[in-house]
Amino acid sequence: MNLRLYDTAARSVRDFEPLQPGRASIYLCGATVQAPPHVGHIRSGLAFDILRRWLQASGYDVTFVRNVTDIDDKILQRGTDEGIPFWQVAMRNERAFTWAYDQLGCLPPTYEPRATGHVPEMVELMQRLIDAGHAYPADGDVYFDVRSLPEYGALSGQRLDDMQPAADSDAQIKRDPRDFALWKSAKPGEPQWHTPWGPGRPGWHLECSAMASRYLGPAFDIHGGGMDLLFPHHENEIAQSKAAGDSFAQYWMHNAWVTTSGEKMSKSLGNSLLVSEVVQRVRPVELRYYLGSAHYRSMLEFSDEAMSEAAAGYRRIEGFVRRAEESLGMPESVPVPDAFAAAMNDDLGVPQALAVVHDTVRVGNAALAADELVGAREARDEVVAMLDVLGLNPYAPPWAAQSDDGAARRALGPLVDVVLAQRAAARDRKDFAVADALRDGLAASGIVVEDTPAGPRWSLAEEI
RNA sequence: GGUGGAGUGGCCGAGAGGCGAGGCAAGGGACUGCAAAUCCCUCUACACGGGUUCAAAUCCCGUCUCCACCUCCA
């Protein structure tokens, strides 16, 4: 079974057929770096990280571009408010995004272009659009003429005449109120670049068209982003690029948002949960598991309770892998089970894929309990292979480094061994009160002791 | 007004005509000095009203509720 993906433009699931066999090119709309990221932003990065990993695991050579839009009205406003250059605001928030992507184990993009670094490409694109009669300069602005493109609105399924007229003050200088700005003339004090139409700065949509074609060419495979970018951002991107003669994206994918109390998480609603805050309450790998556990096109209602449940689910998987390592050593690379591959090939069916993981964990646990090492090894290696596709492999970066409390374990080990020896002596003489007190004492220090047929095992508690 | 999405058991969350995904929680059992972990078993579903069908959570008609987008948004 081949990979099938839901294409927003076709409103249906389609077989994925790359432009070049064995290669896949993806452009993901990244952050407009106005503020630090909340979990909704990172869900988008995560959903497409899983797509990318699955394509790579399926043998594709993936080129993954995720842009940074480092100039827009809010960034400029914030710079003004704080009395600092806009680029300082942008850089600060870009670092916060990078940190969050890294925390959640999202692979770095192949290229990560910034809007302000691609003004020449934007100017060239605008010139092509003007020459083709799809854009026009007006008072130092440059607008896209939506009426010049009959298919405008097709991606989002809207007809121009049904749209609410924009409450836009510059309506006088536009040919149609729904024409959108490719380029904005510089107001006093604003940053500016020189163009044939006067000094100004980029509009919101132009940068993605310019950068996508710069790094992926006039035609590429997949364009991704949040559902809320469908209109206007992606509609305008497709309009710019198609009007300029590019074939642009062959597939459009959109992830659903994260909600709290039934409402979309949003900076403007003030109900957003910063990634930096959430990872104080739960390990980053557990947050990744939680955000990835719902299908990418389903809304995810965020709650601490649901996140804790998800964390418990991940620890069950992780516990199996760690316990298996004690008797089996490190895992070997094996193919993922067919059921897992089938789930992933069906428009990234991570929920069903996770069901396969859990089923395999149960089989593996039973094999371990029965001392059937062959079966346990098979299950363990498959589980690790599946976790790897999902970016949850505890042996892979960044989790390996984070969960390897090497220094702490080396320092604590001899001390814990002393206490465990005392406890063993107490148990031998049936003095269970003392034995339990010793175990409780360790537990109070965050050291969990479990008895196994091979003797006690200790670990550092994950609960914070 | 236009467009799109959602309503599933105590909770999260899949599925899209027939054999009840999975997880978390709960109860029972096995194991254990006790616990933990693990395994086995068990319970509770498809918003509402009609219809089609041998068979509907799934298809059709209608209704209700909720959410999102329509030039700030992942």
Side-chain angles (χ1 to χ4, degrees), chain A residues 8 11 28-32 34 37-48 72-74 146 153 156-168 177-181 203-205 224-233 235-236 254-259 262-269 272 289-290 293-295 297-301 303 305-314 316-317 319-320 323 339 343 349-359 361-362 364-370 427 430-433 435-436 439-440 443 448-453 456-457 459:
Chain A
T8 308
R11 283 174 179 51
L28 173 63
C29 278
T32 301
Q34 306 160 340
H38 57 61
V39 291
H41 293 121
I42 218 69
R43 184 189 187 190
S44 182
L46 179 49
F48 288 94
D72 86 325
D73 291 351
K74 286 188 178 174
V146 295
S156 56
Q158 303 195 84
R159 298 185 326 147
L160 271 177
D161 296 322
D162 291 337
M163 290 183 198
Q164 275 180 359
D168 196 327
R178 281 145 295 217
D179 287 353
F180 58 91
W204 174 30
H205 315 292
M227 203 79 90
D228 42 4
L229 295 181
L230 179 56
F231 192 90
H233 185 54
E235 192 71 71
N236 291 352
H254 292 93
N255 63 280
W257 38 75
V258 179
T259 58
E263 293 193 318
K264 182 183 162 197
M265 192 174 288
S266 152
K267 284 177 276 194
S268 51
L269 284 176
S272 51
Y289 178 89
Y290 174 48
S293 62
H295 186 89
R297 287 192 286 118
S298 295
M299 284 187 296
L300 179 71
E301 167 69 17
S303 72
E305 299 74 46
M307 185 167 65
S308 299
E309 286 180 8
Y314 179 72
R316 174 182 159 79
I317 300 169
F320 163 64
R323 248 175 294 114
V350 175
Q352 299 99 307
L354 281 175
V356 178
V357 173
H358 277 104
D359 287 342
V361 166
R362 185 163 7 84
N365 272 324
L368 275 183
R427 292 179 73 198
K430 308 284 186 201
D431 188 351
F432 295 119
D436 290 351
R439 184 175 61 195
D440 292 345
V448 180
V449 176
E450 297 169 26
D451 292 316
T452 77
R457 167 178 48 232
S459 57

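Chain letters run A, B, ... following the sequence lines, proteins first and then strands; every chain starts at 1. Computed from a predicted structure; not experimentally measured. Reckoned from all heavy atoms, side chains included, excluding hydrogens, waters and symmetry mates.
- Within 4.0 Å of G157(A), counting heavy atoms only, lie sugar-phosphate atoms of the nucleic acid but no base atom.
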- Query: With the sugar-phosphate defined as primed atoms, P, OP1 and OP2, and the base as all remaining atoms, what B/S/- string results for nucleotides 25-39 of chain B, 5' to 3', for protein heavy atoms under 4.0 Å?
  - Reply: --------BBBBSSS
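- Note on D73(A): nothing from the nucleic acid sits closer than 4.0 angstrom, heavy atoms only.
- Nucleic acid contact class of L230(A) (heavy atoms, under 4.0 Å, all strands): none.
- Listed for the R43(A) side chain is a donor-acceptor partner under 3.5 Å among the backbone atoms of A256(A).
- rG1(B) and rU63(B) have their P atoms separated by 14 Å, with the value rounded to a whole Å.
- rG4(B) and rC67(B) make up a base pair, with Watson-Crick or G-U wobble contacts both under 3.5 Å.
- Residue E301(A) is classed as a sugar-phosphate contact, given heavy-atom separations below 4.0 Å to backbone atoms only.
- Figure legend. rA21(B) is base-paired to no nucleotide; pairs are counted as Watson-Crick or G-U wobble with both atom distances under 3.5 Å.
- For R159(A), the salt bridge (charged side-chain N to carboxylate O under 4.0 Å, His left out) partners at least two apart in sequence or on another chain are D162(A).
- OP1 or OP2 of rG23(B) has not a single side-chain nitrogen or oxygen of S293(A) nearer than 4.0 Å.
- Using C1' as the reference atom, rU8(B) and rG15(B) are 10 Å apart when rounded to the nearest Å.
- Residue G313(A) is the one, among G313(A) and D72(A), whose nearest nucleotide of RNA chain B lies closer to the 5' end (criterion: closest heavy atom).
- V356(A) comes within 4.0 angstrom of nothing in the nucleic acid, heavy atoms only.
- Residue-level contact check: H295(A) touches the backbone only, with heavy atoms under 4.0 Å from sugar-phosphate atoms and none from bases.
- If you check every strand for non-hydrogen atoms under 4.0 Å, L300(A) touches sugar and phosphate atoms only.
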